[in-house]
Asker: 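My questions will all concern the structure given below.
Below, each value reflects all heavy atoms present in this structure, side chains not excepted, and no hydrogens, waters or symmetry copies.
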Amino acid sequence: MKKIEMSYRHKADTDYTREKFAGEKLNCAEASCKAVLRHFGQDTALSRAASAFGGGIGGQGLTCGAMTGCLIAAGLLLGRDEAKDGSTTALYAFAQELSDYMRQNFGSEKCGAITCRDEGEAAAQAFKDADGRNNVCAPIVMACVDYTIDQLTALRAKQA
């Protein structure tokens with residue numbers, strides 16, 4: 001397992017994300033959702049909606065919680081209440097772009113691949129033993145928050 005090193009444009013937000021994820025032990029989805037909502041001045045208590053998405057959706061190793069948490073925040077910020085309220089085209093495009101970003105930068109958008117769980121118990125244990133949560137997952141959560149803030153800022157500007 002190789003430690004992930006990243007640089008971030010939104011340092012205050014990524015520091016906050018690291019504190020929520022590494023310090024307070026929120027899961028990936030909760031920490032990323034909370035950080036994005038906080039950046040945009042929204043109620044961070046809404047991040048509870050992300051609680052079931054940690055560990056790749058309920059600990060199943062499916063879609064990375066950093067990604068799902070950012071998508072939940074995006075929906076809360078830019079989503080609609082009813083179909084008549086507008087199109088989901090921009091949000092769907094963002095979801096696809098975030099998925100592409102994950103694959104390009106981290107090899108997968110799947111938690112099980114990132115945390116080595118897809119490779120079997122020995123690989124998953126080696127990931128844990130090497131502090132993968134802090135050396136791999138934390139930088140990914142912070143990077144997703146950083147990327148999401150940039151993308152949502154641009155989307156909000158277009159909608160204004």
Side-chain angles (χ1 to χ4, degrees), residues 4-115 133-160:
I4 295 177
E5 300 286 341
M6 300 285 298
S7 61
Y8 309 104
R9 291 171 300 287
H10 303 282
K11 181 101 170 77
D13 296 303
T14 56
D15 286 350
Y16 176 83
T17 305
R18 179 177 282 287
E19 173 53 32
K20 295 299 171 189
F21 181 72
E24 294 182 21
K25 304 291 187 213
L26 291 179
N27 70 40
C28 305
E30 293 164 330
S32 60
C33 186
K34 187 176 284 283
V36 172
L37 291 173
R38 177 181 172 265
H39 175 85
F40 289 103
Q42 298 299 308
D43 182 0
T44 59
L46 295 173
S47 66
R48 291 183 319 217
S51 293
F53 291 85
I57 305 177
Q60 299 179 85
L62 301 173
T63 306
C64 172
M67 184 174 159
T68 56
C70 286
L71 292 173
I72 291 166
L76 289 167
L77 292 164
L78 300 173
R80 59 188 186 173
D81 291 318
E82 298 181 29
K84 67 179 174 67
D85 292 340
S87 172
T88 57
T89 302
L91 280 172
Y92 284 14
F94 167 67
Q96 292 167 12
E97 290 166 9
L98 183 57
S99 186
D100 290 343
Y101 173 83
M102 291 288 295
R103 282 191 301 275
Q104 290 168 6
N105 289 280
F106 310 113
S108 181
E109 72 276 60
K110 190 169 182 283
C111 176
I114 293 167
T115 61
R133 186 173 202 281
N134 287 310
N135 292 321
V136 174
C137 295
I140 290 173
V141 175
M142 293 161 58
C144 282
V145 166
D146 204 53
Y147 179 82
T148 297
I149 289 170
D150 282 344
Q151 299 306 311
L152 295 185
T153 298
L155 281 174
R156 289 174 68 132
K158 285 181 186 177
Q159 289 182 342

Asker: Hey, does the side chain of K11 reach the backbone of Y8 with a donor-acceptor pair shorter than 3.5 angstrom?
Answerer: no

Asker: Without swapping roles, check the side chain of S99 against the backbone of A95 for a donor-acceptor pair under 3.5 Å.
Answerer: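 Judged by distance alone, no pair lies under 3.5 Å.
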
Asker: Please tell me if the side chains of T115 and V136 come closer than 4.5 Å, counting only heavy atoms from C-beta onward.
Answerer: no

Asker: How about K25: does its NZ atom have over 12 heavy atoms from other parts shown lying under 6.0 Å from it?
Answerer: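 More than 12 within 6.0 Å, yes.
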
Asker: At what distance, to the nearest 0.5 angstrom, does CG of L62 lie from CE of M67?
Answerer: 12.0 Å

Asker: For S108 and I114, which heavy atoms make the closest approach, and how far apart are they?
Answerer: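 Scanning both residues completely, I find the closest heavy atoms to be O-CD1, 3.5 Å.
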
Asker: Would you mind reporting whether N135 and I4 have side-chain heavy atoms less than 4.5 Å apart?
Answerer: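 No, their side chains stay 4.5 Å or more apart.
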
Asker: Between the main-chain N or O of H10 and the side-chain N or O of D146, is there a donor-acceptor pair closer than 3.5 Å?
Answerer: yes

Asker: Among L26, T44, V141, N27, which one satisfies side chain to side chain contact (heavy atoms under 4.5 Å, CB included) with K20?
Answerer: L26

Asker: Please report the shortest heavy-atom distance between I57 and Q60, naming the atom on each side.
Answerer: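 Scanning both residues, the minimum pair turns out to be O-NE2, 2.9 Å.
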
Asker: Taking R80 for its side chain and D85 for its backbone only, find out whether a donor-acceptor pair lies under 3.5 Å.
Answerer: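 Answer holds: no.
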
Asker: Give the ring-plane orientation class for F106 versus Y101, where under 30° counts as parallel, over 60° as perpendicular and anything between as tilted.
Answerer: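 F106 vs Y101 ring planes: perpendicular.
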
Asker: Look at R18 together with D15 and state whether they make a salt bridge at an N to O cut-off of under 4.0 Å.
Answerer: no

Asker: Rounded to the nearest 0.5 Å, how far apart are CG of L91 and CD of Q151?
Answerer: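 Result: 12.0 Å between the selected atoms.
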
Asker: Of the non-hydrogen atoms in A29 and T68, which two are nearest, and what is the gap between them?
Answerer: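 Closest approach of A29 to T68: CB-OG1, 3.8 Å.
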
Asker: Would you mind reporting whether L98 and C70 have side-chain heavy atoms less than 4.5 Å apart?
Answerer: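 Yes, their side chains come closer than 4.5 Å.
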
Asker: What distance separates H39 NE2 from T14 OG1, expressed to the nearest 0.5 Å?
Answerer: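 It is 11.5 Å, given to the nearest 0.5 Å.
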
Asker: Does NZ or CZ of R133 lie under 6.0 Å from the centre of the six-membered ring of F21, at an angle within 45° of the ring axis?
Answerer: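 Yes, R133 sits over the ring of F21.
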
Asker: So, do V145 and Y16 sit near enough that their side-chain heavy atoms are less than 4.5 Å apart?
Answerer: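 Side chain of V145 against side chain of Y16, heavy atoms only: no contact under 4.5 Å found.
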
Asker: Which heavy-atom pair separates L37 from S47 by the least distance, and what is that distance?
Answerer: CD1-N, 3.9 Å

Asker: Quick one: SG on C33 to CG on L46, what's the gap to the nearest 0.5 Å?
Answerer: 7.5 Å

Asker: Run the side chain to side chain contact (heavy atoms under 4.5 Å, CB included) check on I72 and V36 step by step: do they pass?
Answerer: CA-CA 10 Å; I72 291 166; V36 172; over 6 Å; no

Asker: Charged N to carboxylate O under 4.0 angstrom, E30 versus K34?
Answerer: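 Salt bridge absent between E30 and K34.
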
Asker: In the structure I gave you, are the side-chain heavy atoms of N105 and I140 within less than 4.5 Å of one another anywhere?
Answerer: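 Sidechains of I140 and N105: no contact.
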
Asker: Kindly indicate whether the side chain of Q42, heavy atoms from C-beta on, has any atom under 4.5 Å from the side chain of L76.
Answerer: no

Asker: Which heavy atom of A35 sits nearest to which heavy atom of D13, and what is that distance?
Answerer: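 Closest approach of A35 to D13, heavy atoms only: CB-O, 4.3 Å.
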
Asker: Do other residues, nucleotides or ligands put more than 12 heavy atoms under 6.0 Å from R156 CZ?
Answerer: yes

Asker: Stepwise, does the side chain to side chain contact (heavy atoms under 4.5 Å, CB included) test hold for D150 with R9?
Answerer: CA-CA 9 Å; D150 282 344; R9 291 171 300 287; 2.5 Å; yes

Asker: For residues P139 and N134, report the shortest heavy-atom separation together with the two atoms involved.
Answerer: CD-O, 3.4 Å

Asker: Mind checking whether S32 and T148 have side chains closer than 4.5 Å, heavy atoms only?
Answerer: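 The answer is no, as the side chains (C-beta and beyond) never meet within the 4.5 Å cut-off.
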
Asker: Hey, can you tell me if F94 and Y147 have their rings parallel, tilted or perpendicular (30° and 60° cut-offs)?
Answerer: parallel

Asker: Would you indicate whether the side-chain heavy atoms of C144 and M102 approach each other to under 4.5 Å?
Answerer: yes

